[in-house]
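Here is the structure we will look at, set down as C-alpha cells.
Just so it is clear: chains get the letters A, B, ... in the order the sequence lines come, proteins before strands, and each one is counted from 1.
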Number of protein chains: 2
Amino acid sequence: MGRPRSFDDADVLDAAMHVFRRHGYTGASVARLEEATGLTVGSLYNAFGDKAGLFRAAFAHYVQAFARQRLDHWLGEEATLDDLEAYLLALFDLPLNDGFGCLITNAAVEMRPDETFLTGAVWPALAERTERIDDVLLREVGPDHAREAGARLALMTEGLLLLARARRLNHDHRTAIVAEFSRLRELRDSPQHNRRRHHHPAE
Amino acid sequence: MGRPRSFDDADVLDAAMHVFRRHGYTGASVARLEEATGLTVGSLYNAFGDKAGLFRAAFAHYVQAFARQRLDHWLGEEATLDDLEAYLLALFDLPLNDGFGCLITNAAVEMRPDETFLTGAVWPALAERTERIDDVLLREVGPDHAREAGARLALMTEGLLLLARARRLNHDHRTAIVAEFSRLRELRDSPQHNRRRHHHPAE
DNA sequence: ACAATTCTGGAATATAAATTCTAAAATTGA
DNA sequence: TCAATTTTAGAATTTATATTCCAGAATTGT
C-alpha cells in the first residue's frame with residue numbers, strides 16, 4: 001500500500017527534539033529541522049502535518065523516550081534516596097548538561113501562551129517528574145516529611161533545569177544538592193521518626 | 001531642538017515589558033506592542049531602533065525599575081531572614097503572581113541562543129538577585145552556612161519563578177519556603193554556631 | 001517668522017518563514 | 001504488468017511580521 005517511508009520516526013523525532021531544545025519552538029526554523037532530520041519539508045509535512053504537529057510529536061517523544069526513561073531507570077519502585085540523588089546529580093554532567101536544558105522546562109516557559117499545549121502536554125510531563133520524586137520520598141522519609149521535602153525538591157529540580165539552560169549551574173549548586181540529600185538521609189535514619197518504611201510483604 | 005516626545009519613556013517601557021513578559025520576545029508582535037504602549041511603529045522605531053532594541057530597553061527597565069526595586073525594598077543592608085522570606089512569599093500572591101513569571105527567568109530560557117544578550121544582560125540580572133540573597137544569608141546564618149544555603153535558595157527561587165510562569169505554583173511550595181526559613185532561623189539562633197553576626201560599629 | 005530639528009502616523013515595502021503544490025519515485029495487491 | 005497509493009524533493013506560493021519611508025506636525029533657537 002504505497003511507497004514506504006525512507007526514515008524511522010524515532011530517529012527523526014530524536015533529531016527534531018534536540019533542535020527544539022536548543023533553539024526553542026520559534027527559533028527552530030523548518031530549514032534547520034530539515035537539515036537536522038535529513039528530511040525535506042515535503043516529507044516532514046506529509047508525516048507530521050505542520051511545524052506545530054512536529055513539535056507536539058517531538059515533545060511527546062522527549063517525554064516518553066527520554067525523560068520517562070530516566071525516571072524509570074533511577075526512580076523505580078525500589079529507588080532509594082541515593083538513586084534520587086544520582087538522578088539529580090546527573091544533571092551536572094555530560095551528556096545531560098550540554099547547556100540547552102530540558103525540553104519540558106523550556107516549553108513551560110516558551111509555550112506558556114498556548115493554553116492547550118501548556119495544560120495538555122507540559123503539565124502532565126511536569127507532574128510525572130514530581131510524582132516520581134514524591135513516590136521515592138514517601139517511601140524513604142515517610143508521609144510526615146514527604147510533602148514538604150517533595151515541594152522543596154520540586155523547586156530545586158526546576159531551578160537546576162532553569163540554570164542549566166542559562167549556563168549558570170555551578171559547583172555550589174551541586175554541593176547544595178549533596179547537602180540536601182545528606183539531610184534527607186538523616187531524616188530517614190532518625191530512629192524517633194515514626195515513618196512507615198516501604199516493605200514488600202509478598203516477597 | 002525639534003519636536004518633543006509625546007510620551008514618557010518609563011511608561012512605554014513599562015507597557016512593553018509586560019507584553020514581553022506575557023508573550024515572550026517572538027510572541028510579542030509589533031502590533032501588540034503598538035497597542036499596549038499607545039505608540040505607533042514609527043515612534044517605536046524612532047525611539048528604540050528596532051524590536052530587539054525595544055526589548056533590550058524593556059528588559060533593562062524591568063531589572064532597574066522593578067526587580068532591583070524589590071531587592072532594595074526587601075533585601076537592603078539591614079535585611080533579616082524575615083525580610084528574605086517575605087521577599088519570596090510575595091511571589092505567591094498578586095500582583096506578582098499573575099501567571100506570567102519573571103522577565104529575567106523567562107529571558108534566561110527564551111534568549112538562550114543569543115549569547116550576547118544572555119551573558120551581557122541575563123547573567124548580570126540573575127547575579128544581582130543571588131548576590132543580594134547571599135548578602136542576607138552571610139549576615140544571618142554566617143559564612144559557614146551561607147554558601148550552601150545560598151545555592152539552595154537560588155535553586156528554589158528560580159524554581160518558584162519557573163513554576164509561577166507554568167501556573168504550577170501551589171500551597172505546598174509555599175509551605176516548603178516557610179519550612180526552609182524556619183530551618184534557617186534555627187541555624188541563625190543555634191548558640192553553638194560560631195557565625196559572625198553583622199554589626200555596625202560606627203553606629 | 002523662519003530655519004533646523006525631531007517626532008508622529010500610517011501606508012508601503014521588505015524579509016523571513018511556514019505552507020502548499022506538483023511531478024516523479026517507490027511500493028503493494030490484483 | 002498495471003492500477004492504486006503513499007512518499008519524496010524542491011520549487012512556488014502564501015502568510016505573517018518586522019522594517020522602512022515619507023509627508024506632515026510640533027517644537028527650539030536665532
Do the rings of B/Phe59 and B/Phe117 sit parallel, tilted or perpendicular, given the 30° and 60° boundaries? perpendicular
Taking any atom closer than 4.0 angstrom to a non-hydrogen atom of chain A, what span of DNA chain D does the protein reach, first nucleotide to last? D/dT5 to D/dG10
Would you kindly check if the NZ (Lys) or CZ (Arg) of A/Lys51 is within the cone defined by 45 degrees around the ring axis of A/Tyr25 and under 6.0 Å from the six-membered ring centre? yes
Please collect all salt bridge (Lys or Arg N to Asp or Glu O under 4.0 Å) contacts where either partner lies in residues 116-130 of chain B, sequence neighbours excluded, each pair once. B/Arg68-B/Glu128, B/Arg129-B/Glu158
For the helix from C/dA1-D/dT30 to C/dA30-D/dT1, measure the angle between the helix axis at one end and the axis at the other, each built from five pairs, rounding to 10°. 10°
Residues two or more places apart in sequence or in another chain: which of them pass ring pair (Phe, Tyr, Trp, His ring centres under 6.0 Å) with B/Phe48? none
For B/Asn46 and C/dT5, what is the distance between atoms CG and P respectively, to the nearest whole Å? 15 Å
Rounded to the nearest 0.5 Å, how far does OG1 of B/Thr80 lie from CG of B/Asp83? 3.5 Å
Separation of C/dT8 C1' from B/Leu39 CG (nearest whole Å): 9 Å
Got a list of side-chain donor-acceptor pairs under 3.5 Å for residues 37-44 of chain B, not counting sequence neighbours?
| unit_1 | atom_1 | unit_2 | atom_2 | d |
| --- | --- | --- | --- | --- |
| B/Thr37 | OG1 | B/Leu33 | O | 2.6 |
| B/Thr37 | OG1 | B/Glu34 | O | 3.3 |
| B/Thr37 | OG1 | B/Leu39 | N | 3.2 |

Which letters describe nucleotides 18-30 of chain C, given B = protein heavy atom under 4.0 Å from base, S = only from sugar-phosphate, - = neither? SBB----BBBS--
Is A/Arg152 salt-bridged to A/Glu180, going by a charged N under 4.0 Å from an acidic O? yes
Between the side chains of B/Asp134 and B/Arg147, is the shortest nitrogen-to-carboxylate-oxygen separation below 4.0 Å, so that they form an ion pair? no
B/Arg22 side, atom CZ; B/Leu103 side, atom CG - distance, nearest 0.5 Å: 12.5 Å
Check: A/Arg174 and A/Asp93 side chains under 4.5 Å, non-hydrogen atoms: yes
